[in-house]
Amino acid sequence: MKSYLDVIQNNTDFGFFHTLIWQNIVRDVYKVQSEPLFTMQGSKYSFLTNFEVNSLLSGHKFTNMPFNYYPKPLYNNKNLFVHSILELGKKAENLDAYIELKMASRLAEDILEKTKLLETKANFVSILNLPPTYDDYKNKISKKFKANLNNKYNKFSKNGFYIKNVSSFIELDEFYSLLAKTYRNRHRMVCQPKLLFKKLFQIKDGRFSFEIRTIKNQGNKICSAIVVILDNHGTAFYSWGVTDQKYYKYSLSYILINELIKDSINKGYKIIDFGSTSKSDQDLLSFKSHWGCNTFETYNYYLHKKHESIDLNSSYKCLRYIFSKTPIFIINSINPLIVPQLA
């Protein structure tokens with residue numbers, strides 16, 4: 001008998017956030033239960049990742065995705081998909097919990113009618129569709145942006161910077177130190193636990209890979225970095241980016257992103273997913289649009305609970321101010337405890 005992975009991997013929407021790799025990472029890092037919903041009748045099937053979360057911020061819930069990733073549901077039979085949601089709804093109700101589903105696109109009206117899911121619009125997701133060649137891409141972006149890029153490459157070359165992928169746990173620690181400091185100082189927020197990056201760094205899979213691409217100075221110090229999850233079926237997920245404040249004037253992230261675009265096109269990739277962005281963060285949305293990204297709404301669906309909108313980009317200002325003054329060694333100690341409570 002085929003396993004559910006054998007079945008769903010043939011779905012064109014199958015991606016990294018449907019894999020057992022990701023489910024195990026979430027379970028191990030955030031200490032949540034993972035029990036995917038898979039139903040099959042003959043050649044018909046329905047699949048949905050499913051995590052049981054019990055956190056201070058959101059309470060007791062069953063969700064297909066903790067945090068702000070928006071995968072697509074995998075099914076070839078709508079009735080089986082509806083059945084899975086209804087069965088999960090019964091389980092949640094018995095446990096005085098609720099359902100939260102995060103989707104990259106709207107669910108059909110008849111699914112909402114049958115399941116009684118309540119729909120809310122969530123974050124924006126920015127998607128860059130890649131042309132066949134890098135020259136084609138350059139022709140799509142504005143002349144002003146191309147000139148700006150050329151200027152940044154000149155600064156990059158003149159100042160002795162170079163690009164290097166993280167290849168050891170020592171470099172991973174250096175990257176994480178920069179990430180934690182930047183989240184505290186600039187964003188006044190906690191970043192994901194170091195264990196998450198260690199788990200991703202150790203991925204060994206024929207289809208999916210994980211890279212931290214950095215720019216270093218002549219002293220071999222990491223000055224800027226981007227984190228990428230690669231799906232060799234044609235998608236690159238640009239998940240995190242960080243630059244040391246001392247090097248902001250060189251705009252090093254532009255170099256890393258442009259090289260990612262160039263490399264992805266050369267490998268025949270079709271899409272770079274620039275990730276989700278809070279609607280209140282207009283500066284970041286504008287930055288992504290300069291690269292040619294199209295912006296799409298994402299959707300959250302709820303059952304057994306009325307959704308209360310929380311924008312972590314603009315909420316809890318007092319607590320975030322206090323957090324920004326907290327020493328890094330304390331932050332690194334409490335991050336693994338705090339972040340799961342934000343799921």
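Given the structure is predicted, the values throughout are model-derived calculations rather than measurements.
Expressed to the nearest 0.5 Å, how far CD of Glu297 lies from OG of Ser105 amounts to 12.0 Å. Interatomic distance, CG of Asn68 versus CG of Asn123, reported as 4.5 Å (0.5 Å rounding). How far CG of Asn154 is from CG of Asn159: 10.5 Å, rounded to the nearest 0.5 Å.
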Given side chain to side chain contact (heavy atoms under 4.5 Å, CB included), test Phe38 with Asn50 step by step and report yes or no.
CA-CA 10 Å; Phe38 179 69; Asn50 174 40; over 6 Å; no
Before giving the answer on side chain to side chain donor-acceptor pair (under 3.5 Å), spell out for Gln192 and Tyr30 the whole-Å C-alpha distance, their side-chain angles and the decisive distance to 0.1 Å.
CA-CA 10 Å; Gln192 298 290 348; Tyr30 306 111; 2.7 Å; yes
Side chain to side chain contact (heavy atoms under 4.5 Å, CB included) evaluation trace for Phe16 with Asp231
CA-CA 7 Å; Phe16 178 73; Asp231 177 352; 5.8 Å; no
Carefully, step by step, assess Trp291 and Ile141 under the rule side chain to side chain contact (heavy atoms under 4.5 Å, CB included).
CA-CA 7 Å; Trp291 295 97; Ile141 59 177; over 6 Å; no
Steps toward salt bridge (Lys or Arg N to Asp or Glu O under 4.0 Å) verdict (Lys91, Glu35)
CA-CA 12 Å; Lys91 182 177 181 179; Glu35 187 178 348; 3.4 Å; yes
Could you walk me through whether Phe210 and Val228 pass side chain to side chain contact (heavy atoms under 4.5 Å, CB included), step by step?
CA-CA 6 Å; Phe210 174 80; Val228 187; over 6 Å; no
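For Thr277, the side-chain contact (heavy atoms from CB on, under 4.5 Å) test picks out Asp281, Leu284, Leu285, Lys288, with sequence neighbours left out. Scanning for side-chain contact (heavy atoms from CB on, under 4.5 Å) contacts around Thr12 gives an empty result, with sequence neighbours left out. Under the rule for a side-chain contact (heavy atoms from CB on, under 4.5 Å), Asn94 has no partner lying at least two apart in sequence or in another chain. The side chain to side chain donor-acceptor pair (under 3.5 Å) check on Glu171 picks up Lys164, Ser167, Lys216, with sequence neighbours excluded.
No side-chain donor-acceptor contact under 3.5 Å links His18 and Gln9. A donor-acceptor pair shorter than 3.5 Å cannot be found between the side chains of Thr243 and Ser253. Defined by atom type and a distance below 3.5 Å, a donor-acceptor pair is missing between the side-chain atoms of Tyr250 and Asn217. Between the side chains of Asp283 and Ser286, no donor N or O sits under 3.5 Å from an acceptor N or O.
Remark: Lys102 fails to qualify as a cation-pi partner of Tyr69 under the 6.0 Å distance and 45° angle criteria applied to the six-membered ring.
Judged purely by atom type and a 3.5 angstrom limit, Asn76 uses its side chain to pair as donor or acceptor with the backbone of Tyr45. Using a distance-only test at 3.5 Å, with no hydrogens or angles considered, a donor-acceptor pair links the side chain of Lys31 to the main chain of Asp28.
Annotation for Gln23 and Pro36: closest pair OE1-CG, 3.4 Å, computed over non-hydrogen atoms. When all heavy atoms of Leu230 and Ala236 are compared, the closest pair comes out as CD2-CB, 3.6 Å.
Annotation for Gln41: atom CD does not count as buried by contact number, only 12 or fewer foreign heavy atoms lying within 6.0 Å. Within a 6.0 Å radius of NZ in Lys152, other residues, nucleotides and ligands contribute more than 12 heavy atoms. A 6.0 Å sphere centred on CG of Asp96 holds no more than 12 heavy atoms belonging to other residues, nucleotides or ligands.
Residues Phe169 and Phe175 keep their aromatic ring centres 6.0 Å or farther apart. Not less than 6.0 angstrom separates the ring centroid of Phe208 from the ring centroid of Trp22. Between Tyr254 and Phe156, the distance from one ring center to the other does not fall under 6.0 angstrom.
In this structure, the side chains of Ile212 and Trp240 stay at 4.5 Å or more apart for every pair of heavy atoms. In this structure the side chain of Ile226 reaches within 4.5 angstrom of the side chain of Leu260, judged on heavy atoms. Looking only at side-chain heavy atoms (C-beta outward), Ile271 and Leu128 stay at 4.5 Å or farther from each other. No side-chain heavy atom of Ser46 sits under 4.5 Å from any side-chain heavy atom of Leu74. Lys198 is listed as a side-chain neighbour of Gln202, based on a closest heavy-atom distance under 4.5 Å. Taking the side chain as every heavy atom from C-beta outward, Lys181 and Gln245 never approach each other to under 4.5 Å. In this structure the side chain of Phe296 never reaches within 4.5 angstrom of the side chain of Phe124, judged on heavy atoms. Taking 4.5 Å as the limit, some side-chain heavy atom of Met65 sits within range of a side-chain heavy atom of Phe17.
Ion pairing between Glu113 and Lys116 fails under the 4.0 Å rule for side-chain N and carboxylate O.
Hydrophobic cluster membership of Leu101, counting Ile, Leu, Val, Met, Phe, Trp and Tyr whose side-chain heavy atoms lie under 4.5 Å apart directly or via other members: Leu37, Leu48, Phe62, Tyr75, Phe81, Val82, Ile85, Leu86, Leu88, Leu95, Ile99, Met103, Leu107, Ile111, Leu112, Leu117, Tyr299, Tyr301, Leu303.
Counting only residues at least two apart or in different chains, side-chain hydrogen bond (donor to acceptor under 3.5 Å, both in side chains) contacts with residues 262-274 comprise Arg213-Asp263, Glu259-Lys262, Asp263-Lys267.
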